[in-house]
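These numbers come from a predicted model, not from an experiment.
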Amino acid sequence: MSSPGVAPLTLPTLPSDVLREIVSHLSPRDAIALSYTCQAAHSIPRDPALHTVVLDRDTEQIKKFRDHLLATDSRPTFLKSLVLAKAVTWEIDQDTQEPAAALADILEKSVKLQQFDCGSMEVINRASDGRVAKALVALKELREVKVRGGGAETMNTITSLNSLGLRILYASFEFGLKDLPYDVFFGPLKGYTHLHTLSITKLWTRLHIPAPNTHLQNRISINSLHTLTIEDTLIPLSLVASIFPNVTRVSYQSGRYERNRYAGTANALHPPVVPPCWAHTLMKAHIDVADLDIWPLSCRVKWLDFGLCRTGHSREALVLVGQTKPHVISCAYRIDADNLLWVNLPTVATDLRFLEARIIELAGNRKRYMLMHLSGLDALTAVFLCIRAYYQPDDLDAELTSIVRELAGKNRQLRVVGLSLVDGRHMRDDEPMWDEERLASRWWAIERIDPEGGDMDLYMEYGGARPVPILTEVGLKVRDYMYEADYESPDWQDRLSAITAASA
């Protein structure tokens, strides 16, 4: 109820800047829906809803959005984020110049744009006679740029931006890029002094790396970068660690299908004369163990993810774990008695606190091989196993409970176990964890029973470790916590106990 003599607060009575701020947090669809709720709401300007625009239907959508955006002089200034999905860009070629020209019109007028995400970048720029590239370079407030389908002109564009406040840069180069010295590419990135995230894909062997006998020291240092992803590109670890000395999260894959083609090439593997690795602990490292000849990672790593661990690379995986001493490991592997990683892991993974594995089960007796592999990990506190099974058990509850009990009995510090068992007959080895697996997982807290001060009958029944079911929601919170926990803190286990207690 309003106070006597005070007009009630309604949308039309709000100041115009407040109305614009409210509308700016709505999607275009919601802003339009608001305008139809009443006559007063219809008069509210909807331009602030243009803050974030995603074009995801077809190339005609680019032209229609251009016409709408440029209908008034003030409207383009509201556009802060523009994303063009693959469905919009993949049909554009040299003969379809109108959509590319429309995109150039949009970029030339959207002087406040902060985020730009677009595929088929090289083709679009050619179709616009270079206008798209010139417009991007001219923008001064870009904070995030993601471009795919790039080539030489795309590289020139992303290394020449006037947006010196750029923070995030993703670029993939699929077309027409010739070999170039590494400093020609990385050198200009020094100008983006706020850049903290960089992803480079599909440079293959196109970066020329000086040979050691040239005595050429790397002089490029991009100190602001914290997150680095390099894929389908051959570049030595020593050079990367020198260029990006403050990285804390790194992902590297040389390219599974191109590695053999270029293996041993002088251009690919000559490292400059610089320190071999980072001196500090990395928060996360994702690396294919087959790339250890190029990336002999030797610094401490809190979270080590080596994707799919193939049987033929067990030795490399063991070396990697032994050198990096991770607290967390995530990976995928096939149940295979010859996979020596799991046989020898307890001898090198002495600091391992959390393991998440996607397990491809081809043999009929999954439990015997799994428990043979995952035992004797004395520091292991929590484990989450996604079992992609070929054979489904007759009694799922009994199967899962038996696995949990034996895991707890063979790993003395284990406190939380999560299991997901799905039909894996049509799943690839390297498929990521799906939401269905995560949300359908089942979790248990492990209660340790002291035979001296506890119930001896209970101890004999459970072998000293009793699994207690907890809610899936709580188990997934444990999973999130184990990835982010500060294992150097003396109370990290108390925090874990507080999470599991929520399910009691």
Side-chain angles (χ1 to χ4, degrees), residues 148-151 155 169-175 177-186 189 197-212 218 220 225 227-244 247 249-272 274-278 282 284-299 301 303-321 323-324 329-333 341 428-432:
R148 293 168 297 283
M155 179 167 286
L169 176 60
Y170 288 70
S172 64
F173 301 93
E174 286 85 354
F175 302 107
L177 190 63
K178 297 180 180 179
D179 292 355
L180 73 164
Y182 80 93
D183 53 341
V184 171
F185 174 58
F186 289 113
L189 300 184
T197 301
L198 174 65
S199 176
I200 301 298
T201 304
K202 291 182 171 57
L203 281 178
W204 303 120
T205 59
R206 294 166 180 156
L207 289 178
H208 177 71
I209 310 299
N218 169 55
I220 301 172
L225 202 79
T227 302
L228 174 66
T229 299
I230 300 177
E231 295 180 353
D232 300 330
T233 301
L234 286 175
I235 182 172
L237 169 64
S238 53
L239 178 60
V240 173
S242 177
I243 296 175
F244 306 104
V247 160
R249 294 177 179 268
V250 64
S251 176
Y252 179 76
Q253 291 177 293
S254 65
R256 181 176 307 162
Y257 302 108
E258 295 289 322
R259 185 183 298 113
N260 293 334
R261 176 182 173 188
Y262 294 114
T265 60
N267 182 47
L269 300 180
H270 282 319
V274 292
C277 194
W278 291 279
L282 298 180
K284 181 183 179 182
H286 173 85
I287 183 169
D288 190 326
V289 293
D291 287 325
L292 287 183
D293 56 340
I294 309 171
W295 271 54
L297 198 65
S298 58
C299 61
V301 175
W303 172 7
L304 177 62
D305 180 355
F306 41 68
L308 176 63
C309 181
R310 299 172 183 82
T311 299
H313 293 288
S314 297
R315 183 188 64 82
E316 291 91 338
L318 283 168
V319 170
L320 183 61
V321 173
Q323 291 180 161
T324 59
I329 291 178
S330 56
C331 65
Y333 77 97
L341 168 65
R428 299 194 314 269
D429 290 355
D430 57 351
E431 286 194 41

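Note that CG of Leu198 is 7.0 Å distant from CD1 of Ile230, once rounded to the nearest 0.5 Å. The distance from the SG atom of Cys299 to the CG atom of Leu237 is 7.5 Å, given to the nearest 0.5 Å. The line from CG of Leu308 to NE2 of His313 is 9.5 Å long, rounded to the nearest 0.5 Å.
With a 4.5 Å cut-off on side-chain heavy atoms, Leu189 and Leu169 count as touching. Side-chain atoms of Ile329 and Phe306, non-hydrogen and from C-beta on, do get closer than 4.5 Å to each other. Residues Leu292 and Glu316 have side chains in contact (heavy-atom distance under 4.5 Å, counting atoms from C-beta outward). No side-chain heavy atom of Ile200 sits under 4.5 Å from any side-chain heavy atom of Thr229. Within the 4.5 Å cutoff, no side-chain heavy atoms of Tyr252 are placed close to those of Asp288. When side chains are defined from C-beta on, Met155 counts as touching Leu180, because their heavy atoms get closer than 4.5 Å. The side-chain heavy atoms of Tyr333 and Leu341, taken from C-beta on, include no pair separated by under 4.5 Å.
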Show the numbers, then the answer: is there a side-chain contact (heavy atoms from CB on, under 4.5 Å) between Thr201 and Glu231? CA-CA 5 Å; Thr201 304; Glu231 295 180 353; 4.2 Å; yes
Would you check, one step at a time, whether the test side-chain contact (heavy atoms from CB on, under 4.5 Å) holds for Leu207 with Phe186? CA-CA 10 Å; Leu207 289 178; Phe186 289 113; 3.9 Å; yes
Should Asn218 and Ile243 be marked as a side-chain contact (heavy atoms from CB on, under 4.5 Å) after you check the CA-CA gap, both sets of side-chain angles, and the distance that decides it? CA-CA 7 Å; Asn218 169 55; Ile243 296 175; 3.7 Å; yes
Verdict with reasoning, Trp278 to Val250, per side-chain contact (heavy atoms from CB on, under 4.5 Å): CA-CA 11 Å; Trp278 291 279; Val250 64; 4.1 Å; yes
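Defined by atom type and a distance below 3.5 Å, a donor-acceptor pair is present between the side-chain atoms of Ser172 and Glu174.
Contacts of Arg249 classified as side chain to side chain donor-acceptor pair (under 3.5 Å), with partners at least two apart in sequence or in another chain: none. For Lys202, the salt bridge (charged side-chain N to carboxylate O under 4.0 Å, His left out) partners two or more places apart in sequence, or in a different chain, are Asp232.
The two residues Ala285 and Leu297 have their closest heavy-atom pair at CB-CD2, 3.8 Å. Residues Lys284 and Val301 approach most closely at C-CG1, 4.2 Å, considering heavy atoms.
The side-chain hydrogen bond (donor to acceptor under 3.5 Å, both in side chains) with Ser254 is formed by just one residue from the set Asp291, Thr233, Asp293; it is Asp291. Partner of Phe244 under the side-chain contact (heavy atoms from CB on, under 4.5 Å) criterion, chosen from Ile220, Leu228, Thr227: Leu228.
A perpendicular orientation is assigned to the rings of Phe173 and Phe185, their planes being inclined by more than 60° (bins at 30° and 60°).
A side-chain donor-acceptor contact under 3.5 Å links Thr324 to the backbone of Leu320.
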